[in-house]
Undergrad: 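Handing you a structure now.
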Amino acid sequence: MTRIFITSGKEIPRAFGELRTARKKGLVRIREPANPREIFKKPWGTLEAIPGLDIVVLSEGDPDGYPCKREVFEATYEEAAPGSRQFRKTALSRLVQVPKDFTVEVKTTEGMLTAVHPDYVVVGANNEVYVNARRWVEDNLEFVD
């Protein structure tokens, strides 16, 4: 098993293949973090949301939510209809599936995550990286390439 460490989309090995482009299928809701340091335990790692810096994104495929930097959310989502409090992601996602026999340690702005096949490494709008499980990708994204 080969273990690598990634902090930016620029560090994804060429051996992983080309990034694929996907569009978010559904709408999301948001909320403020519930306490000064709200913790989210996901199968691939633990994330932290800090009030004022982060918001919590709630989707049908992930009702517990996950933290997102407020400025990243504001740059990549728009309200679906005025006053609806539901948001549509306008930015396309770029992601690559982790090949077999690789373990990828991903440093995000919210915490450390671990990805193994068949998880995906996702590259955000500012070249930040994070992890999505294959099942979450299947439920929430639609490949457009």
Undergrad: Cys68 and Val57: which non-hydrogen atoms are nearest, and at how many Å?
TA: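 Smallest heavy-atom distance, with atoms named: CB-CG2, 3.9 Å.
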Undergrad: Report yes if some heavy atom in the side chain of Val131 is under 4.5 Å from a heavy atom in the side chain of Thr114; otherwise report no.
TA: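 A side-chain contact under 4.5 Å is absent here.
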Undergrad: Taking all non-hydrogen atoms of both residues, which atom of Glu110 and which atom of Asp54 are closest, and how far apart?
TA: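 Scanning both residues completely, I find the closest heavy atoms to be OE2-OD1, 3.9 Å.
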Undergrad: Glu128 side chain to Asn126 main-chain N or O, any donor-acceptor pair under 3.5 Å?
TA: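 Yes; judged by distance alone, with no hydrogens or angles, the pair exists.
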Undergrad: Could you tell me whether Arg31 and Glu38 have a side-chain N and a carboxylate O separated by less than 4.0 Å?
TA: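 Salt bridge present between Arg31 and Glu38.
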Undergrad: Would you mind telling me which of Leu141, Val144, Leu95 makes a side chain to side chain contact (heavy atoms under 4.5 Å, CB included) with Thr21?
TA: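 By the side chain to side chain contact (heavy atoms under 4.5 Å, CB included) criterion, Thr21 pairs with just one of Leu141, Val144, Leu95: Val144.
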Undergrad: Provide the closest heavy-atom pair for Val98 versus Ala115 in the form atom of the first, atom of the second, distance.
TA: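 Smallest heavy-atom distance, with atoms named: CG2-CB, 3.8 Å.
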Undergrad: For the side chain to side chain contact (heavy atoms under 4.5 Å, CB included) test, which of Val122, Asn132, Asp119 pairs with Val137?
TA: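 Option passing the side chain to side chain contact (heavy atoms under 4.5 Å, CB included) with Val137: Asn132.
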Undergrad: Quick one: does Glu79's side chain have a donor or acceptor within less than 3.5 Å of a partner on Arg85's backbone?
TA: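 Yes; at least one donor-acceptor contact below 3.5 Å.
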Undergrad: State plainly whether one hydrophobic cluster holds both Val106 and Ile4, where clusters connect Ile, Leu, Val, Met, Phe, Trp and Tyr through side-chain heavy atoms under 4.5 angstrom apart.
TA: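 Yes, Val106 connects to Ile4 through the hydrophobic network.
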Undergrad: First locate atom CD of Glu71, then atom OG1 of Thr109, and finally report the distance between them rounded to the nearest 0.5 Å.
TA: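 With rounding to 0.5 Å, CD (Glu71) is 8.0 Å from OG1 (Thr109).
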Undergrad: Going hydrophobic residue to hydrophobic residue with side-chain gaps under 4.5 angstrom, can you get from Ile6 over to Val96?
TA: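 Ile6 clusters together with Val96.
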Undergrad: Is the shortest side-chain heavy-atom distance between Ile12 and Val121 below 4.5 Å?
TA: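 Answer yes - side chains close enough.
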Undergrad: Please answer: with hydrophobic residues joined when any side-chain heavy atoms are less than 4.5 Å apart, are Val28 and Val72 in the same cluster?
TA: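 Each belongs to a different hydrophobic cluster.
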Undergrad: Should Glu105 and Thr103 count as side-chain neighbours, where that means a heavy-atom distance under 4.5 Å?
TA: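 When only atoms from C-beta onward are counted, Thr103 and Glu105 do touch, with a gap below 4.5 Å.
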Undergrad: Check this for me: Glu18, atom CD, are more than 12 non-hydrogen atoms of other residues, nucleotides or ligands nearer than 6.0 Å?
TA: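 Atom CD in Glu18 is not packed in, count stays at 12 or less.
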Undergrad: Any side-chain heavy-atom pair from Val104 and Phe16 closer than 4.5 angstrom?
TA: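 Yes, their side chains come closer than 4.5 Å.
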Undergrad: Could you tell me how the ring of Tyr120 sits relative to the ring of Phe143: parallel (under 30°), tilted (30 to 60°) or perpendicular (over 60°)?
TA: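 Tilted, since the angle between the ring planes falls between 30° and 60°.
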Undergrad: Please lay out, stage by stage, how Glu78 and Thr90 fare under the test side chain to side chain donor-acceptor pair (under 3.5 Å).
TA: CA-CA 7 Å; Glu78 67 182 10; Thr90 57; 5.4 Å; no
Undergrad: Between Lys42 and Asp64, is there a side-chain heavy-atom distance shorter than 4.5 Å?
TA: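 In short, these two side chains touch, coming nearer than 4.5 Å.
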Undergrad: Side chains of Val56 and Phe73: does their closest heavy-atom pair fall under 4.5 Å?
TA: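 Side-chain contact under 4.5 Å: no.
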Undergrad: Return the CD to CG distance between Glu11 and Asn127, rounded to the nearest 0.5 Å.
TA: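 It is 9.0 Å, given to the nearest 0.5 Å.
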Undergrad: For residues Ile55 and Leu27: do they belong to one hydrophobic cluster (side chain heavy atoms under 4.5 Å, members Ile, Leu, Val, Met, Phe, Trp, Tyr)?
TA: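 No, it is not one cluster - the side chains of Ile55 and Leu27 are not joined through contacts under 4.5 Å.
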Undergrad: Checking Lys25 side chain against Glu138 main chain: does a donor-acceptor pair fall under 3.5 Å?
TA: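 Indeed, once roles are kept as given, a pair shorter than 3.5 Å links the two residues.
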Undergrad: Could you check if a side-chain atom of Met112 sits within less than 4.5 angstrom of a side-chain atom of Phe5, using non-hydrogen atoms only?
TA: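 Met112 reaches Phe5 side chain to side chain.
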Undergrad: So, does Gln97 use its side chain to make a donor-acceptor pair with the main chain of Pro118 at under 3.5 Å?
TA: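 Checked: pair present.
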Undergrad: Under 6.0 Å between ring centres: does that hold for Tyr130 and Tyr66?
TA: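 Centroid distance Tyr130-Tyr66: not below 6.0 Å, so no.
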Undergrad: Decide whether Val129 and Phe40 are clustered together by the hydrophobic rule: side chain heavy atoms of Ile, Leu, Val, Met, Phe, Trp, Tyr closer than 4.5 Å, transitively.
TA: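 Yes.
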Undergrad: Is it true that a side-chain atom of His117 and a backbone atom of Pro99 form a donor plus acceptor pair closer than 3.5 Å?
TA: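 The answer is no, because no donor-acceptor pair under 3.5 Å joins these two groups.
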Undergrad: Has Arg135 got more than 12 heavy atoms of other residues, nucleotides or ligands less than 6.0 Å from its CZ?
TA: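 Counting neighbours around CZ of Arg135, 12 or fewer heavy atoms of other residues, nucleotides or ligands fall under 6.0 Å, so no.
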Undergrad: For a quick test of reading the model, state the closest non-hydrogen atom pair linking Pro67 to Ala49 and the distance between them.
TA: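 Here Pro67 and Ala49 meet closest at CB-CB, 3.7 Å.
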Undergrad: Check for a donor-acceptor pair, side chain of Thr108 on one end and backbone N or O of Gly111 on the other, with a separation under 3.5 Å.
TA: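 Confirmed, Thr108 side chain pairs with Gly111 backbone.
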Undergrad: Closer than 4.0 angstrom, basic N to acidic O: yes or no for Glu32 and Arg70?
TA: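 Yes, charged N to carboxylate O under 4.0 Å.
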Undergrad: For a 4.5 angstrom cut-off between non-hydrogen side-chain atoms, does Ser59 reach Trp136?
TA: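 Yes, side chains in contact.
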